[in-house]
Number of protein chains: 2
Amino acid sequence: MEYTKEYLAEFGIKPSIQRIAVMKYLLNHKTHPNVDEIYMALHSTIPTLSKTTIYNTLSLFVESGAVSSINIDKRNIRYDADIKPHAHFRCKNCHIIIDLPVPNVCHEVFSISDIYKDLQIQDVEISLTGYCQHCQKDELSETEE
Amino acid sequence: MEYTKEYLAEFGIKPSIQRIAVMKYLLNHKTHPNVDEIYMALHSTIPTLSKTTIYNTLSLFVESGAVSSINIDKRNIRYDADIKPHAHFRCKNCHIIIDLPVPNVCHEVFSISDIYKDLQIQDVEISLTGYCQHCQKDELSETEE
DNA sequence: TTATAAAATTGTAATCATTACAAACTTGAA
DNA sequence: TTCAAGTTTGTAATGATTACAATTTTATAA
Ligand SMILES: [Mn+2]
Ligand SMILES: [Mn+2]
Ligand SMILES: [Zn+2]
Ligand SMILES: [Zn+2]
């Protein structure tokens, strides 16, 4: 609670019951939840909580740099309190999203290479898709999304 | 026309007026168009063309591996006839999408590294966002999406 | 404390890309 | 020609996100 408050302050975000609750949830659940999951988890303890507030709050967090948004799932935007550079893998079967380390060399490419020097790069998102270790399938039977 | 037909055949896709038109458009317009742009461009020459057909056709192309879909734009899915590995940059101001080369070492990471050996990786998408050379801005005045 | 303005939250309605679905059409083999 | 499979079409449904105005909370100054 106090920690979360200070954490928000580091990004210049004024605390409120709702903001603290959302940030705390993200810090404790590194599962890349979407808006609905956050709402479901919180509205039992804060019954007046509105889904619009979740949207507003997450937009604020992302713009402030406290949280990163992940577009790997076409259905919903997902959110991640881990703002260190890393990649994501999404299983096409069970939809789990797994954090993947990426060697620094690979990230440095975008900041150091001459090729990109005309661009003001702010965010890098690396998304992999396929099947996780529990959902492996042979190349032949490709049916589901 | 004949070339496009043969191109589709390489991916096991049966040709039809509509499919040929969509594929031809993608081969000639490497601007990462969305469904609406494709529809607008084609329905003057094929007045009976339905938007649903564009959706169906593009899904078929993506599943067959003839085209890749790009999720860099939260609003719409974009499509790319260039299926060689490369990254994309999207300008937050003018929304242009630019192709970026990525050194092979960076792509090989995902296939060679031991870290990922439990995963059956099928697709890799690398998306950068920021401001293009025409839309550069100083860090202070951050307003727009 | 009280008054007042700014900031934050809330609920409802609108938007709009995508999907679902069933009917109509096309194709090609029997 | 017949028939079934494959393809296209139009309309309706879905559902995440955004817009917006009203309400509530917070901060500040009189
Ligand atoms: Mn993550
Ligand atoms: Mn491209
Ligand atoms: Zn899985
Ligand atoms: Zn630009």
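Below, chain A is the first sequence line, B the second, and so on; all start at residue 1.
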Under the side-chain hydrogen bond (donor to acceptor under 3.5 Å, both in side chains) test against B:D73, which residue among B:H95, B:R78, B:H88 passes?
B:R78

Strictly below 4.0 Å: does A:S16 bring a side-chain N or O up to OP1 or OP2 of D:dT25?
no

What is the distance, rounded to the nearest whole Å, between atom CG of A:L60 and atom P of C:dA8?
8 Å

Quick one: which of D:dG6, D:dT17, C:dA17 gets closest to the side chain of B:K14?
D:dG6

Rounded to 10°, the helix from C:dT1-D:dA30 to C:dA30-D:dT1 deviates from straight, judged by its five-pair end axes, by 10°

Give the ring-plane orientation class for B:Y7 versus B:Y3, where under 30° counts as parallel, over 60° as perpendicular and anything between as tilted.
tilted

Rounded to the Å, how far apart are B:R19 CZ and C:dT27 P?
12 Å

Do the non-hydrogen side-chain atoms of A:I83 and A:F11 ever get within less than 4.5 Å of each other?
yes

Strictly below 4.0 Å, N to O, side chains only: are B:D123 and A:K92 in salt-bridge contact?
yes

Below 4.0 Å: OP1/OP2 of C:dT10 and any side-chain N or O of A:Q18
yes

Heavy-atom distance under 4.5 Å between the side chains of A:L58 and A:V22, does that happen here?
yes

So which protein N/O to nucleotides 18-23 of chain D N/O distances come out below 3.5 Å?
none

Do B:I20 and B:Y55 land in one hydrophobic cluster if side-chain heavy atoms of ILVMFWY residues count as linked below 4.5 Å?
yes

Is there a path of hydrophobic side-chain contacts, each under 4.5 Å between heavy atoms of I/L/V/M/F/W/Y residues, joining B:V67 to B:I70?
no

Verify the contact: side-chain N or O of A:T48 to OP1 or OP2 of C:dT10, cut-off strictly under 4.0 Å; return yes or no.
yes

Scanning both residues in full, the closest heavy-atom pair of A:Q120 with B:F89 reads O-CE1, 4.3 Å

Rounded to whole Å, please give me the gap between CG in A:L49 and P in D:dT24.
17 Å

Salt bridge (Lys or Arg N to Asp or Glu O under 4.0 Å) partners for A:E125, two or more places apart
none

Applying a 4.0 Å non-hydrogen cut-off, can you work out what B:K51 is touching in the nucleic acid: base, sugar-phosphate, or nothing?
nothing

Integer-rounded Å distance: D:dT14 C1' and A:D36 CG
14 Å

